[in-house]
Amino acid sequence: MCDKFYKNGLHFECQRCSFCCGHSPGFVYLSKRDLTVLCQHFGMKIKDFVEKYCRWADYYYGTKVLALLEQKNYDCILWNNGCTAYEARPVQCSTYPFWSWMINDEATWNECAQECPGMNKGRLWTVEEIERDKKAYVENVPLHKEEVEELIRQEENSL
């Protein structure tokens, strides 16, 4: 028996408002999977993609991890009247709003829903779908700077 507040599912349907894609500072952390898929989508080498679209974000314990750049207005660097990489978007983006901390309790969910017009509206997501996205979000670990540098070295050595 599921004792989560969303045991009967949650309603969510993106309203294409782009609020989650910008308007305020934030981080879209990139995992190895994200970086690989985005590089394939844009037909770019890792080094070139990182130089054009990424930044180093402070992370836990003084480490640095890979994140997407933001435009001056805080919109995601990949946003241009829509996501220019929608089919290849990072797991963090594709699992929204079923992030572990957002679905931790009903109060947090409803607080977040005040900023997202798609939450509590539209299609009903099953508990299984929500748990699948939550798991993908939790397991999507961002790449540390040293890991990216190693991937770039490997790519350069394979040429």
Task: S31 (side chain) donor-acceptor with D34 (main chain) under 3.5 angstrom - done: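 Between the backbone of D34 and the side chain of S31 there is a qualifying donor-acceptor contact (under 3.5 Å).
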- [ ] Give a yes or no on whether the backbone of H144 and the side-chain of E147 come within a donor-acceptor separation of less than 3.5 Å.
- [x]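 Yes; at least one donor-acceptor contact below 3.5 Å.
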- [ ] Check the surroundings of atom CD in E149: do more than 12 heavy atoms from other residues, nucleotides or ligands lie under 6.0 Å from it?
- [x]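 Correct, the count exceeds 12.
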In Å and rounded to the nearest 0.5 Å, what is the [atom1] to [atom2] distance from [X] to [Y]?
{"X": "L124", "Y": "E129", "atom1": "CG", "atom2": "CD", "answer": "8.0 Å"}
{"X": "Y137", "Y": "M102", "atom1": "OH", "atom2": "CE", "answer": "9.0 Å"}
{"X": "K45", "Y": "D48", "atom1": "NZ", "atom2": "CG", "answer": "6.5 Å"}
{"X": "W99", "Y": "K134", "atom1": "CH2", "atom2": "NZ", "answer": "15.0 Å"}
{"X": "C21", "Y": "R89", "atom1": "SG", "atom2": "CZ", "answer": "9.5 Å"}
{"X": "I103", "Y": "L10", "atom1": "CD1", "atom2": "CG", "answer": "7.5 Å"}

Open item on the list: Looking only at side-chain N and O atoms, does N104 offer a donor or acceptor that is under 3.5 Å from a partner on W109?
Closed with: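 Per modelled atom types, W109 and N104 side chains form no pair under 3.5 Å.
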Open item on the list: I'd like to know if K135 pairs up with E139 as an ion pair, taking the criterion as any Lys NZ or Arg NE/NH1/NH2 lying under 4.0 Å from an Asp or Glu carboxylate oxygen.
Closed with: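 A salt bridge links K135 with E139.
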Task: For D75, all residues meeting side-chain contact (heavy atoms from CB on, under 4.5 Å), sequence neighbours excluded - done: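 With sequence neighbours excluded, D75 shows a side-chain contact (heavy atoms from CB on, under 4.5 Å) to H23, Q71, N73, W79, given in chain and number order.
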Non-hydrogen side-chain atoms of [X] and [Y] separated by less than 4.5 Å:
{"X": "V37", "Y": "R33", "result": "yes"}
{"X": "E13", "Y": "R123", "result": "yes"}
{"X": "E131", "Y": "K4", "result": "yes"}
{"X": "H11", "Y": "M119", "result": "no"}

Provide the closest heavy-atom pair for [X] versus [Y] in the form atom of the first, atom of the second, distance.
{"X": "A136", "Y": "V91", "value": "O-CG1, 3.6 Å"}
{"X": "Y86", "Y": "C83", "value": "N-SG, 3.3 Å"}
{"X": "F98", "Y": "F12", "value": "CZ-CB, 4.0 Å"}
{"X": "E87", "Y": "H41", "value": "OE1-CE1, 3.7 Å"}

Task: Sequence-distant partners of E150, salt bridge (Lys or Arg N to Asp or Glu O under 4.0 Å), two or more places apart - done: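 By the salt bridge (Lys or Arg N to Asp or Glu O under 4.0 Å) rule, E150 matches R153.
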Task: For V28, the rest of its hydrophobic cluster, which grows through side-chain links under 4.5 angstrom - done: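 For the cluster that includes V28, the remaining residues are L30, L35, L38, F42, M44, I46, F49, V50, Y53, W56, L66, L68, L69, I77, L78, L143, V148, L151, I152.
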TODO: Run the numbers on D58 and K64 for side chain to side chain contact (heavy atoms under 4.5 Å, CB included), then give the verdict.
DONE: CA-CA 5 Å; D58 291 329; K64 302 254 184 216; 2.5 Å; yes
Open item on the list: Please tell me whether I130 and V138 are part of a single hydrophobic cluster in this structure, the criterion being side-chain heavy atoms less than 4.5 Å apart.
Closed with: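 They do share one cluster, since a chain of ILVMFWY contacts under 4.5 Å joins I130 to V138.
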TODO: Identify whether V141 and Y60 are in the same connected component of the hydrophobic contact network (ILVMFWY, side-chain heavy atoms under 4.5 Å).
DONE: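 Different clusters: V141 never reaches Y60 through Ile, Leu, Val, Met, Phe, Trp or Tyr contacts under 4.5 Å.
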TODO: Mark yes or no: R55 above the aromatic ring of Y29, with NZ or CZ under 6.0 Å from the six-membered ring centre and no more than 45 degrees from the axis.
DONE: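 Not satisfied by the 6.0 Å and 45° rule.
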